[in-house]
Amino acid sequence: MNEIEKQILEDYARKYSIARMSYKIMGMMLDEKYVKERISAFNINHMYIYGGTYMAVQLYRSGRKFTDIKGIVDKSCRIAINDDVSVIALDAFKEIYNNEKVVVASLRFFQEIKKDIESFVNADNIMNIGELLMGDY
């Protein structure tokens with residue numbers, strides 16, 4: 001196997017793994033009791049969700065019953081589903097952020113998003129959705 005073939009295979013395996021994990025997490029969010037337990041385990045009283053994806057909207061829908069979700073933050077200020085949720089642009093988020101937990105709803109782009117917000121969000125307040133719902137991810 002040459003280097004290009006190896007890279008293609010590794011990229012495919014990574015994308016497949018992320019897709020598999022995403023479906024598993026989406027299923028977990030259907031269990032409200034479980035979502036409540038996980039939010040309580042991390043003692044999250046106020047939070048933002050970062051990412052305008054379907055996963056972010058599902059977390060918003062399942063989590064808002066158990067904690068104060070201030071809104072969904074998205075760099076482009078867009079959301080996958082038009083819902084009764086506040087969508088906040090990254091620049092506006094910088095102005096209103098006040099030490100709340102930020103749950104990043106993207107498994108694929110977590111590291112990039114973390115870098116975008118680390119300048120004003122303490123690293124201890126940045127959490128991956130996989131960590132929230134599955135433990136260490």
Side-chain angles (χ1 to χ4, degrees):
M1 180 181 300
N2 69 37
E3 196 60 35
I4 293 173
E5 290 172 328
K6 184 178 176 183
Q7 183 63 40
I8 290 170
L9 185 58
E10 287 173 0
D11 288 346
Y12 174 78
R14 181 174 184 267
K15 288 177 184 175
Y16 175 79
S17 176
I18 290 169
R20 183 178 50 80
M21 193 62 62
S22 295
Y23 284 115
K24 185 174 183 175
I25 289 170
M26 288 291 282
M28 292 173 153
M29 286 189 283
L30 296 174
D31 183 346
E32 290 184 354
K33 181 181 175 190
Y34 182 75
V35 172
K36 180 181 180 181
E37 288 172 5
R38 296 302 295 174
I39 289 172
S40 294
F42 285 98
N43 198 27
I44 300 173
N45 298 313
H46 308 282
M47 68 184 248
Y48 286 92
I49 300 168
Y50 192 108
T53 64
Y54 290 102
M55 197 170 326
V57 173
Q58 182 64 22
L59 179 58
Y60 175 81
R61 288 178 177 164
S62 62
R64 68 183 171 186
K65 298 171 187 170
F66 313 113
T67 191
D68 176 26
I69 299 177
K70 303 282 190 180
I72 293 179
V73 178
D74 188 73
K75 196 173 194 174
S76 65
C77 203
R78 289 184 289 169
I79 192 165
I81 300 172
N82 195 5
D83 205 345
D84 62 339
V85 59
S86 170
V87 182
I88 305 161
L90 183 57
D91 290 336
F93 180 54
K94 289 177 186 178
E95 299 297 319
I96 62 173
Y97 178 74
N98 189 27
N99 206 35
E100 297 90 354
K101 186 70 77 175
V102 179
V103 177
V104 178
S106 174
L107 298 174
R108 185 174 178 192
F109 297 109
F110 175 71
Q111 292 302 325
E112 292 89 340
I113 292 168
K114 186 176 180 183
K115 286 179 186 174
D116 282 347
I117 62 177
E118 274 183 325
S119 64
F120 64 96
V121 177
N122 184 306
D124 292 339
N125 280 336
I126 302 170
M127 173 181 276
N128 183 296
I129 193 169
E131 180 183 358
L132 173 65
L133 295 173
M134 300 176 65
D136 291 334
Y137 178 75

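Ring geometry for Tyr48 versus Tyr97: interplanar angle of 30 to 60°, hence tilted.
One finds the NE2 atom of His46 at 7.0 Å from the OG1 atom of Thr67 (value rounded to the nearest 0.5 Å). Distance check, rounded to the nearest 0.5 Å: OG of Ser22 to CZ of Arg108 gives 10.0 Å. Summarising the geometry, atom CD belonging to Glu100 is positioned 5.5 Å from atom NZ belonging to Lys70; distances are rounded to the nearest 0.5 Å. Atom NZ of Lys33 and atom CZ of Phe66 lie 11.5 Å apart (nearest 0.5 Å). Atom NZ of Lys114 is separated from atom OH of Tyr50 by 14.5 Å, given to the nearest 0.5 angstrom. Here NZ of Lys65 is found 11.0 Å from CD1 of Ile39. Values are rounded to the nearest 0.5 Å.
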Tell me, with the steps shown, if Ile129 and Gln58 meet side chain to side chain contact (heavy atoms under 4.5 Å, CB included).
CA-CA 11 Å; Ile129 193 169; Gln58 182 64 22; over 6 Å; no
Take Met134 and Lys24 through the test side chain to side chain contact (heavy atoms under 4.5 Å, CB included) and record every step on the way to the result.
CA-CA 10 Å; Met134 300 176 65; Lys24 185 174 183 175; 4.0 Å; yes
Steps toward side chain to side chain contact (heavy atoms under 4.5 Å, CB included) verdict (Val87, Arg78):
CA-CA 7 Å; Val87 182; Arg78 289 184 289 169; over 6 Å; no
Worked check of side chain to side chain contact (heavy atoms under 4.5 Å, CB included) between Ile69 and Ile49
CA-CA 8 Å; Ile69 299 177; Ile49 300 168; 3.9 Å; yes
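Defined by atom type and a distance below 3.5 Å, a donor-acceptor pair is present between the side-chain atoms of Asn125 and Asn99.
Gly51 and Ala56 get closest at one heavy-atom pair: O-CB, 2.8 Å. The heavy-atom pair separating Asn128 from Gly130 by the smallest distance is OD1-N, 2.6 Å. Residues Met29 and Leu133 come closest through the heavy atom pair CG-CD1, 3.5 Å.
Ile113 and Leu107 fall into different hydrophobic clusters, defined by Ile, Leu, Val, Met, Phe, Trp and Tyr side-chain heavy atoms under 4.5 Å apart, directly or through other members. In terms of hydrophobic clustering, with Ile, Leu, Val, Met, Phe, Trp and Tyr side chains grouped at heavy-atom distances under 4.5 Å, Val103 and Met55 are assigned to a common cluster. With hydrophobic clusters built from ILVMFWY side chains whose heavy atoms lie under 4.5 angstrom apart, Ile44 shares a cluster with Val57. The hydrophobic clustering, which links ILVMFWY residues whose side-chain heavy atoms are closer than 4.5 Å, places Val104 and Phe42 apart. Both Val35 and Ile25 are assigned to one and the same hydrophobic cluster, defined by single-linkage of ILVMFWY side chains at heavy-atom distances under 4.5 Å.
In Tyr23, the OH atom is not crowded: 12 or fewer heavy atoms of neighbouring residues, nucleotides or ligands sit closer than 6.0 Å.
By the 4.5 Å heavy-atom criterion applied to side chains, Lys101 and Met127 are counted as neighbours. At a threshold of 4.5 Å between non-hydrogen side-chain atoms, the residues Lys94 and Leu90 count as touching. Between Val73 and Val102, every side-chain heavy-atom pair lies at or beyond the 4.5 Å cut-off.
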